[in-house]
Structures are given as C-alpha cells and as structure tokens.
Amino acid sequence: MDSLIIQGGSCLKGTIKISGAKNSALPIMAASLLSEEPISLGNLPHLADITMMNQLLMNMGARVEFADDHRRLQLHTAEVYNEGIMLAPLAHTMRASFLVLGPLLARFGYARLPLPGGCAIGQRPVDMHLRALSALGVSFELGDAEVVGRVDDSLRGAQVSFEEPTVGGTENILMAAVLAYGETCIDNAAREPEVVDLAQCLQAMGARIEGAGTSTITVEGVERLGACDYDLMPDRIETGTYLVAAATTGGSVRLENARADTIQVVMRHLEQAGAELSTGEGWVALDMGGRTPRAVDIETAPYPGFPTDMQAQFTAMNAIADGSSRIVERVFENRFIHTKDLCRMGADITVSGNEARLRGGATLRGATVEANDLRASASLVIAGLVAEGETTIEHIYHIDRGYEWIEEKLRRLGAEIKRCPNQSQG
Ligand code: EPZ
C-alpha cells in the first residue's frame, strides 16, 4: 500500500477545484440498474470506491464507458443479469455496494447480496433498510453473511417510517419505490444533499418524487424509467476538509466548483474558529490570515446538523487551536480512531464513550501513523501539515477511496507532500 510523506509547517494558500461527490456517485451508479436505457454521469470523481462500484456493476453484466478523461461515465445495464452472489468478492470491501439492493428488487423482484460487515467506525447494521423494504412487499432470508430478498407478488407503495434518519436506508427505499405500484411516503427520511442529488437524478430518469431534502419524501411509482444525463454535485466533505486544513495552517484558500449551501454548519463553526469566509457562484473561500484558530465545540447529527464526516478533521484543528473543546459523536459508535495517533503526535485528547475533550495549543510532532478509515486519515493529513518535522501516513488506500488526487491538490496549495509507492507491493 502507498504512503504519504508530509513535511509540516506549510501555510496553505491558493486555489483548487473540488471534485464530484463520492456519496452521490455511489447511489446514483446503483440507480443505473433501474433503467434499461443508458445513464450518463458528469463531474465523476476518480476514486477507488467509484472504480469498485463500476467493477461490481460490470460483474453483473453492465457496460461501462468513460469519456472526457474519465470525468463522464456512461452506464448501460440493459444486459445485467441478477446473480447477486457475484457481488461477494467486492461487496465485503465496500458497504455502499448494499445500495444495489433496492434497484435489484425493483428491476428483478429478487436480490442476493452479501451482508455488509461493520467497519472501523461501527457495526453499521442494515436492519432499517430491510424493515422499510419489507413494507413494500419484500420477504428476506438472512444468512450469516448474505441476505436474499424476494418480492412477494409486486412492489407496492407503502407508508415507511425510519426510527432515525439513515442515508443509505432512505436511498435504498427511494430506489425501490420509484418502480413500485402506487404511492410511498417515507417519514423521518435522511435530508443529506446526496439524497437530494439521487432524487434529482431519478427525476431526470422519469421518477415522480416530492420532498427530497425534507424529512418526508413522497414517491408515485411509474412503469419504467428512461435514460438521463446528470452532473453530480460537488463533494461537500472534500470541500469542508480543505477548508479545515487551511484554517488549521493559518492559510487562505479558494475552492472552485463548491456549493456553500451544502456546508452551512461547517462554515459557521469555522467562523467561530476565527476564519473569514466568503462565497460566490460555485466557489467558497477561507482566509485565516496567519492566525491560530480558536477551538470550537462539535456535536455531530444527521443533516442539516454538524456532519459526522467532518468530525475527525475538526478534532485535528482543535488539537492545535487556542482553548479547550468538547466533541460529541452522536451518529457512529466508534469514530474517535484518529485520536490515538493524534495523541502520539502530541495532542492532548481524552476520550470517554462518545465524547472527546481536548486541551488545545499543542505543538504536534511528525510521526509514522496508519490510515484505517477515510475521515480519520484526512484528520492525520491535516495534523501532518501543521506538525513539526515529517509525518508518514501508511496504507493510504482509505484516503484514495474518498479524496481525489489529494497530494496534487495539497501541493498546489503549497504543502510539502509526496506519495511513496510501497516497494513491498507484489
Ligand atoms: C452514509 O453512510 C455515508 N456513506 C457515510 O459516509 C456517512 O458517514 C453516513 O451516511 C452518515 O452521514 C455513503 O453515503 C456511501 P446511515 P450510511 O445509514 O448510509 C445506523 C464517508 O466517510 N443505522 O445514515 O451507512 C448506523 O449504524 C462515509 O464518506 C442502523 O442502525 O449511514 C449509524 O449509526 C462514512 N440501521 C446511523 O444509523 C440501519 O439499517 C446513520 O447511518 C442503517 C443505519
């Protein structure tokens, strides 16, 4: 596995372009299974997870064509056959593969998938997905490692209510409901912008959806969906990550192809930290003016609350910021993985259950650390940028899952960073 080597001490300055959203691309690629006509996606990011989803769809017989230097992807699923077990080798390594469940049930009335395991940040069960789909007329058989779903006679619209908002659960039920008979009402739906992006793409394919982005989504099923040409939204977590990296290093950056409306809470926390933010049509800028940020308290929540995917990045900033802070993680049960390595680098963090307390003002020292979760890795990159000396981040596969060309983008902002292919790779 490759490593990243960072010489700390750079103050990030300059302009970079934000890539398309990973967490929009994955459900929308799964949605290609809902139509026998091709869908064409623009603003596609080059990420390991996208490659994995492409491979998974091709394993089922889909045709995948790239254009515009891999920025545009055309997916043809007319010849897809439903051998769900084909997913096994890949599905265990990428949870998002479970997002083909709803589309396969809607298209074929049958799906057989490996159950996605837990991961570093938590157990990540799928019980809410299965209960919601059962309400539409699906019977499930659960094995130790796989689930088989069968539509009893036909998918019928229903009233579905989630005990708590689930992004993937909302997306799976949405993708089944668009081809069900009658109306489906989803209550306590996830409101994330990526759910809205999926809904807009489904509407472009001919689906009838109201209320995406609110807690109540209504779907009127249709006979079939057609082709569409759709551009993915910019990645709001990548946007937030570079803003926090700039604030942590006292820098000043401008992010093109960004959408400020999807990161309002993140921007408010950065203003509390002392950053000056400005926005325009398709761009967001942050200026820290060389100052050290003030520590800010964080409590994660489903959208439009503070995004759990930004918690680790702010933890790194708080480690060096002025003042103490309290971070409460309310979405996942084990999302303080990054604190161990941050403490090895000199941070003063005490974790108790779902709460971390930080004493700021630390001087971080470079170290050799390991990436084992996407956002925890981003946190370690930010720490390396501001640490004294050299930081080596090993096993950066996780970073490549969610951050397109991270070393090029950071180098363009003045960071001293390079990628080292692991010589031992066979
Ligand atoms: C999506 O995961 C994102 N992934 C995650 O981003 C993100 O952290 C998460 O939403 C929350 O915003 C993608 O979109 C591909 P959930 P998802 O279902 O859908 C519990 C990243 O770094 N739950 O909203 O899996 C669950 O355990 C990734 O890009 C159940 O209990 O998240 C969690 O505690 C990490 N039963 C909470 O709900 C279920 O059936 C929210 O999970 C489903 C979820």
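Counting starts at 1 for both ligands and their atoms, following the listed order.
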Is ligand 1 under 4.0 Å from a heavy atom in the side chain of H129, in the backbone, in both, or in neither?
-> both
According to the interplanar angle, ranging from 0 to 90°, do the rings of H269 and F314 count as parallel (below 30°), tilted (30 to 60°) or perpendicular (above 60°)?
-> perpendicular
How does E194 reach ligand 1, by side chain, by backbone, by both or by neither, if only non-hydrogen atoms under 4.0 Å count?
-> neither
By side-chain contact (heavy atoms from CB on, under 4.5 Å), A176 pairs with (sequence neighbours left out) L133, L136, L155
Heavy-atom distance to atom 27 (O) of ligand 1: which of G402, A21, P125 wins?
-> P125
With D373, which residues qualify under side-chain hydrogen bond (donor to acceptor under 3.5 Å, both in side chains), at least two apart?
-> none
Does ligand 1 have an atom under 4.0 Å from some heavy atom of G169?
-> no
Where's the contact between R95 and ligand 1, heavy-atom distance under 4.0 Å: side chain, backbone, both or neither?
-> side chain
Does a donor on one side chain and an acceptor on the other come within less than 3.5 Å for D152 and S139?
-> yes
Check whether any heavy atom of R401 sits under 4.0 Å from an atom of ligand 1.
-> no
Applying a 4.0 Å heavy-atom criterion (strictly less than), which segment of D309 is in contact with ligand 1: side chain, backbone, both, or neither?
-> side chain
Could you point out which residue of N354, T315, T300 forms a side chain to side chain donor-acceptor pair (under 3.5 Å) with E329?
-> T300
Proximity of T308 to ligand 1 by residue part, where a heavy atom lies under 4.0 Å | side chain
Which is it for M310 and ligand 1 at heavy atoms under 4.0 Å: side chain, backbone, both or neither?
-> neither
Would you say the side chain of R63 lies within less than 4.5 Å of the side chain of P38, judging by non-hydrogen atoms?
-> no
Between R156 and S154, a side-chain donor and acceptor under 3.5 Å | yes
Proximity winner for atom 10 (O) of ligand 1, if only heavy atoms of L198, V167, T300 are counted | V167
Of R335, E163, R375, M128, the one whose closest heavy atom lies nearest atom 35 (C) of ligand 1 is R335
